[in-house]
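Note sheet for the following structure.
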Amino acid sequence: MSSKNFDLNDFGDEQPAPAIKPGGLAARAMGQQAEPPYLKGLNPEQRAAVENTDGPLLVLAGAGTGKTRVLTTRLAHILATGKAWPGQLLAVTFTNKAAREMRDRIGALIGGAVEGMTWLGTFHSIGVKILRNHAELAGLRSGFAILDTDDQIRLLKQLLEAHDVDEKRWPARQLASLIDGWKNRGLTPERVPAGEAASFGHGGLGGKLYAEYQQRLKVVNAADFGDLLLEVLRIFQEHPDVLKEYQRRFKYMLVDEYQDTNVAQYLWLRLLAQGHRNICCVGDDDQSIYGWRGAEVDNILRFEKDFPGAKVIRLERNYRSTPQILGAASGLIAKNESRLGKTLHTNREDGETVTVRAHWDGDEEARVIGEDIENFQRKGEKLNDMAILVRASFQMRAFEDRFITLGVPYRVIGGPRFYERAEVRDALAYLKIVASPDNDLAFERIINTPKRGIGDTSVKRMHAIARAQGISLYRAAEAMSLTDELPAKARTALRKLIESFNRWRQMAMGIPHTELAEIVLDESGYTEMWQNDKSPEAQGRLDNLKELVRSMGDFENLAGFLEHIALVMDVEQSAEEDKVSIMTMHGAKGLEFGTVFLPGWEEGLFPSQRSLDEKGRAGLEEERRLAYVGITRAKRRATISFAQNRRVHNLWQNALPSRFIDELPEMHVEVAPMATSYGGFGLGTYGKSRFDDQTKPFGNTYSTPGWQRAQQRWSDGKATRSTPRFIEGEMVARDTDAVKYAKGERVFHEKFGYGVISAVEGNKLTIDFDKAGEKRVIDSFVTRA
DNA sequence: TACACATCCGTTTTT
DNA sequence: CGGATGTGTA
């Protein structure tokens, strides 16, 4: 334990802590009257959740009820009253982002003492920490590698190949999710029910492959994400002495997003909580939206049975949304049967009703939302405070396209993640081998990247040697680079590679790790490979490599950096510029925006057909919770919309409005007329129509001749896109002093790649892209090629 | 080995 | 349609 803990123990006597009045703390600890300042402003329920520190406690925190505040204040309170030192608190979150936020906020409350909170983190980061301390009990050595999903799949592919399993019929991905599922449920290979073990490949290999996979992991000294929980759980179960040690250590436990815990996590917590029994779980059964990846809502529904004598506190005062938004969301979620039941209320009285809007098709939906956004922006609202929340990521494109045309800055949250990009993973593989040569998966990844003439056959031979002699692939390669088992070309290349690694490893001692990274990327020919690549992404990849090296600078050494990225696959996005957010409803959990758009509420899309097919009523309820999460993200304004026609896989489909729309309580909802129908438009929510000069020759019923004609044409698949003419005068003037482009110039666009300008109108360019075809974009989105 | 062509498939996602 | 992945050919 660090000396920080002792500092904290002292505080209250003489050393003032930054945010908390030491006198108050001391007084509190001694049971006197003075009120610690951090309790100010909490409502009675919140306060109870903070002050009920001992014994099991479940806090049911509805959306927008100040959950994070309660969580952080509670931890601060435990520390401030001297009940525990920072190192004796276990605080678990699901995401790194949540962990970071909690750490920051506690830091703001109690100052430097957070430094001592070594056990605040995600389930996985805490799992690694424990597993590194007891690796040998799990058949690993302490420097074990952590595999990400990609590595996992590659390992499984090798196994499948060895068993002659047809990867077409039985994809490695599917096996991976099967195994993940078992791990989520806390099942080691021996414990997988026989019926399920027989569920994969010819002759029911599932269980067998799982067992072999686990063995392989030990051989290559690696753990996958599931193991970070499962192996720790196994250690706890099989080594009571170790379990006791942690039970003693963790005097107070706090779990965020309890509704998202899976069985393994639940068992893990329950074992630990048998020590001091001071476990506080915070969650909201109505926001459980991760059932499809193993979360068990049951954990939260069963809490009082699992922890006899548990207190339950409900936080039902909402500080986020208007009564209308809250009413709409509550009315909807009330249709769910399996829930603990909460009634959110607010003291606010102002607010617009939730708008429901019908659109002719998806393009119109995107167009109208784009216009709304421009209008709000003109009124002075920040784009950062607006979001479009979709059910599935393919829906994002329509909005991106539209915003590119309009020149509305946007950010997509949940795209391909930084550390998952191929070039970043390649670069990391090089560095990992410098740090630990025996990382077979990393070595295999780059042995022929860039191409150096070491083909599959050579690699297979190395594998054979490695296996036969029980050594790592790298060692086998090292040996073979000196014999004549390989063709001359491959052997020379291999020798050169091995020599390079030896050289780099020598250097690693003497130079900063960022410099080492640059040298490795340079000398390995990896950077050059991308420099010679002429695809539109190449430049971006080179930029990513630069960014990677830069981000390494934030860490003291290579090992620290590698450990960090193994667990944190994402890199934080800057929120500096003012941009509209486009993300999935899943990705939006825990966030809030002034204005929220919820497009695509159509049967089959939302609720998603697949959810319904696979999970039936439970699936529907989870979708409904997702809808609830979506609506409750909004502070002041929520607009739900659906399109009557949608192009799915390039086929036009006639869509029905989502059943969730019917379930919204009428009193909180206003149905806006179709923007394109005759009459009545413009009276919806915000002022005058912007579409006077373009209407469609049919109303919003399903039976007009126009509708039927249009439908007929669309089903024939030769419909013209219903994109309206752009209304010049309404364009927001932007980038007036931007660089001017001329017809015929070759330009680069970060989304569409390279293209040639075919027309210029003011700041709007029409560009014929090599890959993406013809698009209209604003010139500021483009650079000269 | 590299590129062209074919084929398949189309939720949600964290660690 | 479009991307990801795989097969086939030069």
Side-chain angles (χ1 to χ4, degrees), chain A residues 92-99 121-128 146-153 157 167-169 171-173 177 180 183-184 223-230 257 260-262 264-265 288-295 389-397 413-417 419-420 422 448-457 489-490 532-535 537 563-570 583-590 600 604-615 619 622-623 625-627 629-630 647-652 717 721 752 771-773:
Chain A
V92 207
T93 62
F94 271 82
T95 64
N96 290 296
K97 199 175 141 208
T122 61
F123 271 104
H124 296 265
S125 67
I126 289 166
V128 190
I146 299 167
L147 301 194
D148 59 32
T149 327
D150 249 51
D151 296 328
Q152 193 186 2
I153 301 253
K157 274 191 177 153
E167 247 247 67
K168 280 262 172 57
R169 281 190 61 200
R173 261 217 85 68
S177 62
D180 273 348
K183 289 187 175 178
N184 282 159
D224 65 15
F225 285 122
D227 286 343
L228 301 182
L229 301 170
L230 185 66
E257 306 278 14
D260 287 338
T261 47
N262 60 37
Q265 289 159 339
S288 162
I289 53 176
Y290 286 111
W292 49 273
R293 72 177 199 216
L389 309 182
V390 296
R391 173 66 243 262
S393 42
F394 68 79
Q395 295 171 265
M396 294 177 176
R397 247 189 76 177
I413 297 176
R417 279 171 306 151
Y419 294 118
E420 277 168 6
N448 202 29
T449 309
K451 297 268 182 284
R452 40 174 78 89
I454 306 171
D456 281 353
T457 23
K489 192 177 61 185
N532 294 336
D533 190 307
K534 46 210 173 297
S535 61
E537 320 84 72
E563 178 84 356
H564 168 82
I565 53 142
L567 293 166
V568 181
M569 293 302 283
D570 218 344
M583 62 181 113
T584 62
M585 287 184 265
H586 284 94
K589 196 166 89 166
L605 182 55
F606 188 43
S608 109
Q609 193 53 53
R610 196 157 152 188
S611 250
L612 264 38
D613 292 347
E614 284 173 10
K615 298 269 193 88
E622 183 156 314
E623 294 283 300
R625 291 192 291 266
L626 190 54
V629 168
R647 199 171 28 189
V648 184
H649 308 325
N650 213 32
L651 287 173
W652 281 95
R721 284 164 56 108
F752 301 133
K771 297 232 161 104

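In what follows, chains carry the letters A, B, and so on, assigned in the order in which the sequence lines appear, proteins first and then strands, with residues in each chain numbered from 1.
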Nearest 0.5 Å, what's the [atom1]-[atom2] distance between [X] and [Y]?
X	Y	atom1	atom2	value
Leu567(A)	Ile146(A)	CG	CD1	4.5 Å
Asp227(A)	Asp224(A)	CG	CG	4.0 Å
Thr122(A)	Leu228(A)	OG1	CG	9.0 Å

Self-check item: Euclidean distance for C1', dT13(B) against dG2(C) (whole angstrom)
Solution: 22 Å
Quiz item: On a whole-Å scale, what distance lies between the P atoms belonging to dT12(B) and dC1(C)?
Solution: 22 Å
Practice problem: List the protein contact pattern of nucleotides 8-15 of chain B with one symbol per nucleotide (5' to 3'): B for base contact, S for sugar-phosphate-only contact, - for none; contact means a heavy-atom distance under 4.0 Å. | Solution: --BBBBBB
Practice problem: Using the salt bridge (Lys or Arg N to Asp or Glu O under 4.0 Å) rule, take Lys589(A) and Asp260(A) through it: C-alpha gap first, then chi angles, then the decisive distance, then the call. | Solution: CA-CA 12 Å; Lys589(A) 196 166 89 166; Asp260(A) 287 338; 2.6 Å; yes
Exercise. Report the distance from atom CD of Gln395(A) to atom P of dG2(C), rounded to the nearest whole Å.
Key: 18 Å
Quiz item: When Asp613(A) is tested against each of Lys615(A), Arg610(A), Gln609(A) for side chain to side chain contact (heavy atoms under 4.5 Å, CB included), which residue passes?
Solution: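 The side chain to side chain contact (heavy atoms under 4.5 Å, CB included) with Asp613(A) is passed solely by Gln609(A) among Lys615(A), Arg610(A), Gln609(A).
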Quiz item: Heavy atoms under 4.0 Å, any strand shown: does Gly453(A) hit a base, just sugar-phosphate, or nothing?
Solution: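 Result for Gly453(A) = sugar-phosphate.
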Exercise. Using the six-membered ring wherever Trp is involved, compare the ring planes of His586(A) and Trp292(A) and label them parallel, tilted or perpendicular (cut-offs 30° and 60°).
Key: perpendicular
Practice problem: Would you mind calling dT12(B) syn or anti? Take O4'-C1'-N9-C4 for purines or O4'-C1'-N1-C2 for pyrimidines, and syn is within 90° of 0. | Solution: anti
